[in-house]
Amino acid sequence: MEKNKTDLMNDIKIKLQDVQNSQESLVEKLASIQIELFEIPDKELEKSLGDAHNNASTNHDLIKAALENYEMKINASE
């Protein structure tokens, strides 16, 4: 049985939601490590984690916006 356009779009939406959740988890884990480094400071690691956290946060925001726009397209096509 062939999937229709809405079903395919919903499949993509689910994958985008999964990516968004993964990005959110990554941001949380990086923040957790940064907090743990207060106990055993490492300036080089702090810098690397700070950069990674900023990039992950930016990616999370981009995916969130893309998902919201895509959900509007799905709703408009129904």
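We're numbering straight along the sequence, starting at 1. All values below were derived from every heavy atom in this structure, side-chain atoms included, with hydrogens, water molecules and symmetry-related copies excluded.
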Look up atom [atom1] in [X] and atom [atom2] in [Y], then write down how far apart they are to the nearest 0.5 Å.
{"X": "L8", "Y": "K13", "atom1": "CG", "atom2": "NZ", "answer": "14.0 Å"}
{"X": "I74", "Y": "L67", "atom1": "CD1", "atom2": "CG", "answer": "8.0 Å"}
{"X": "S57", "Y": "E24", "atom1": "OG", "atom2": "CD", "answer": "10.5 Å"}
{"X": "D42", "Y": "E36", "atom1": "CG", "atom2": "CD", "answer": "13.0 Å"}
{"X": "L30", "Y": "N55", "atom1": "CG", "atom2": "CG", "answer": "10.0 Å"}

(message) Closer than 3.5 angstrom, by distance alone: can the side chain of S32 be matched with the main-chain N or O of E28 as a donor-acceptor pair?
(response)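 No.
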(request) Say whether, by atom type as modelled, one donor and one acceptor occur between the side chain of S22 and the main chain of D18 under 3.5 angstrom. (result)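 The answer is yes, because a donor-acceptor pair under 3.5 Å joins these two groups.
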Closest approach of [X] to [Y] (non-hydrogen atoms, all atoms of both residues):
{"X": "L16", "Y": "I63", "value": "O-CG2, 3.8 Å"}
{"X": "S77", "Y": "T6", "value": "OG-OG1, 4.3 Å"}
{"X": "A56", "Y": "Q23", "value": "O-NE2, 3.2 Å"}

(message) Tell me whether L62 shares a hydrophobic cluster with I12, the cluster being built from Ile, Leu, Val, Met, Phe, Trp, Tyr side chains joined at under 4.5 Å.
(response)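 L62 does not cluster with I12.
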(message) Using the rule that Ile, Leu, Val, Met, Phe, Trp and Tyr join whenever any side-chain heavy atoms are under 4.5 Å apart, tell me whether L26 and L45 fall into a single cluster.
(response)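 Yes, L26 and L45 fall within the same hydrophobic cluster.
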(request) Give a yes or no on whether a salt bridge exists between D51 and K47, defined as a side-chain N under 4.0 angstrom from a carboxylate O. (result)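 A salt bridge is present here (some side-chain N lies under 4.0 Å from a carboxylate O).
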(message) Could you tell me if the side chain of E46 sits less than 4.5 Å from the side chain of Q34, heavy atoms only?
(response)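 The answer is no, as the side chains (C-beta and beyond) never meet within the 4.5 Å cut-off.
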(message) Any heavy-atom pair between the side chains of K5 and M9 that's under 4.5 Å?
(response)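 Result yes, sub-4.5 Å side-chain heavy-atom pair found.
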(request) Show your working on side-chain contact (heavy atoms from CB on, under 4.5 Å) between Q17 and I14 and close with a plain yes or no. (result) CA-CA 5 Å; Q17 288 170 329; I14 290 168; 4.1 Å; yes
